[in-house]
Amino acid sequence: MPRREVLLRFMESCEDGRHLASLHSLLLKTGVAHDRHYATKLTTYYAKSASVESARKLFDELPQRSVYLWNSVLGSYCRDRQYEQTLRLFKQMVSNGKSAEGKPDNYTVPVALKACAGLRVLEYGEMVHGYVKKSGEVDMDMFVGSALIDLYSKCGQMGSALKVFREFPSPDVVMCTSMITGLEHNGSPVEALQLFTQMAKTGGFVADPVSLITAISACTQLLYLKVGSSVHGFMYRMGFDANLSLLNSVLNLYAKTGSIRLAMNLFRKMPRTDVISWSSIIACYVCKGATNEALDLFNEMIEKGYKPNEVSVVGALQACAAGCNLEEGKKIHALASEKKIELNVSVSTAIVDMYMKCSSPDEAFDLFLRMPNKDVVAWVTLLSGCAENGMAYESMDVFRNMLASEIIPDAVAIVKILAACSELGILQQAICLHGYLIISGFGDNMYVGATLLELYSKCGSLDNAIKVFNGMCEKDVVIWSSMIAGYGIHGQGKEALRLFYQMTRNSSVQPNNVTFLSLLSACSHSGLIEEGIEMFNKMVHKYHLKPDSEHYSIVVDLLGRIGQLDKAIDVIEMMPTLAGSHVWGALLGACRIHDDIEMGELAARHLLHLDPDHAGYYVLLSNIYAMYGKWDDMSKVRSLIKEKKLKKAFGQSVIEVKNKTHTFVVDDRAHQDSWKIFELLRNLEMRMTEEAYVPNVEVQLNGTEEFC
DNA sequence: GTAAGTGTTC
């Protein structure tokens, strides 16, 4: 056999990428490595087998390169996600093309567009689009069209994406899927699903596994369990029931909709699973608060030999954070270090969050400082964590440092920052932040507006809350409810009611359970008893809403205050679910006011059964006995408190003086000026005695310090 | 020879 033929045959056998290095040295030895024919073939083989650097080296040495060869190398860079290299070589191709070598063709353009999409460089992508229109060398085929749709979608230009899509009267399944994915990723899952249905009904569109994944993904975003399940059924009819990615997307639908049984059922029946399947099922358990089960699954996954990656580690860390499981959290942190993914931005953020939720801010700071890339999410995790751990100053320092690092907050960040201020009760910070929000254009965001409104209410500035409310151009039910709650907190029940009527009469917004909770609590705080009861009846009979335990407890409280204890107990008995401790607590309070010892005992018995370790209920019961001189019963309850070693959680008072917040608990001597404060208190006491002030005995009876 | 898809952090 002639030498050339032997070589060629050997080359064919190397097409799959094996033995490329041996082939290369063989070509060098036989002296044909620079022969155009062999070198071209070897370059394409290298390009195909993901050895892009070797391909490029040969490519650069070749005196003449076909368009096919250019495309091979470009494609290789692109598959390796080396988008910048792809574009650099593409630019070279365009400029070379003017002189001698091949110009970009229909195979080149989609590769270049994909690189633009990967880098989100819209302008350059538009130039490529312009090149397609002008050059005449490139047809606008489905491949070019799909790549353009993908580029515009990834850059958030849905108008341009749709314009390209409409240029094709009969788009194929891939092009439709590109369009559907684009809609779904740009906040239009409903339109995505509509396009899917329309294409499946009318077009020559035969759904394939990938298109089904996008449809299920849209259902997941919309929490459309039923529609998604019907796709699941369709999938079986089409014979795609062994497709792992497709099953994973269905599993994720079940997980995200909280259908834990459906999810677990599918998961255990799947013929094959991968780390994605495990991540979804773990996330499902975390979401349901079953954190131990989630960690068990994570460990089971590792035992079965699946390699945990960033996503599954993040899921396990969330389980530790939600379950305040520091011990397991530390283990997973160690695992992340071992797997060299500790400094991946989402992993380290999840670790910071875990430490913060497990009350270990030092460890959280330690990692945060080591993070090489901190995005807005990482900063906000640290900030919220500080607030949750009672580190007021630190959280605001973090915010300032974040802005100094030129991190631009997103809407979620703003909401979290405002919530942190709100929790801390720092009004001055709120006002500064509000100014910042107006400048940065977040003022019109409804989530931000609702949080800001709530912040002002909680910090005691009703006027500012009203200003925010009036300034919102669009008001959803959350905004209305927050304003109603704001009036309620400030004891302006009548205003709360007026606002409720304004909402139901002048806007199309429908009240929900939260609206009524705000309204009922506003009535309760302002002593608007009849009105409160009327509103509860409206909630049930006019708006057909199902009250939950918190609504019932307010109604019981309202009825109790006007002495209608029988009606209150009727309400409790009519409740569709068993009354919780809030409800019985409200009744017990009413019994104390209206001297009903029998019903009081009944309520107290329920409470002690529901929450046997709550010191406050024992105290209330003992107070009732004390009021009726039932000293034996009283001392029994008191010794029970001692026996159980129960302590009532101390209430905290927060006061803001000159931009600084000061927190106090009962008998707190920790403050730096505490001697001055106590001196003032002593002086006040003396003046009160001089002016013959008699303290309220009932208040003393309510105190728990005496027993604890 | 080329285009579409599934799981993650506040």
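What you see below is based on every heavy atom in this structure, not just the backbone, and it leaves out hydrogens, waters and symmetry mates. Source: prediction; values computed, not measured.
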Report which part of the nucleic acid [X] touches: base, sugar-phosphate, or nothing (heavy-atom distance under 4.0 Å, all strands).
X: A:Lys357; result: nothing
X: A:Asn344; result: nothing
X: A:Lys48; result: nothing
X: A:Val412; result: base
X: A:Ser245; result: base

* To do: Determine, stepwise, if the pair A:Ser76 / A:Arg79 fulfils side-chain contact (heavy atoms from CB on, under 4.5 Å).
  => CA-CA 5 Å; A:Ser76 189; A:Arg79 275 194 302 277; 4.0 Å; yes
* Go through the steps to decide whether A:Ser277 and A:Asp274 satisfy the test side-chain hydrogen bond (donor to acceptor under 3.5 Å, both in side chains), and finish with yes or no. => CA-CA 5 Å; A:Ser277 336; A:Asp274 63 4; 2.9 Å; yes
* **A:Glu342 with A:Arg370: basic N within carboxylate O range, under 4.0 Å** => yes
* With the threshold set at 4.0 Å, does a side-chain nitrogen-carboxylate oxygen contact exist between A:Glu300 and A:Arg268? -> yes
* **Pairing residues for A:Lys114 by the salt bridge (Lys or Arg N to Asp or Glu O under 4.0 Å) criterion, not counting sequence neighbours** => none
* **chain A footprint on DNA chain B, 5' to 3' - any atom under 4.0 Å from a heavy atom** => B:dG1 to B:dC10
* Geometric cation-pi criterion A:Lys163 and A:Tyr152, 6.0 Å radius, 45° cone -> no
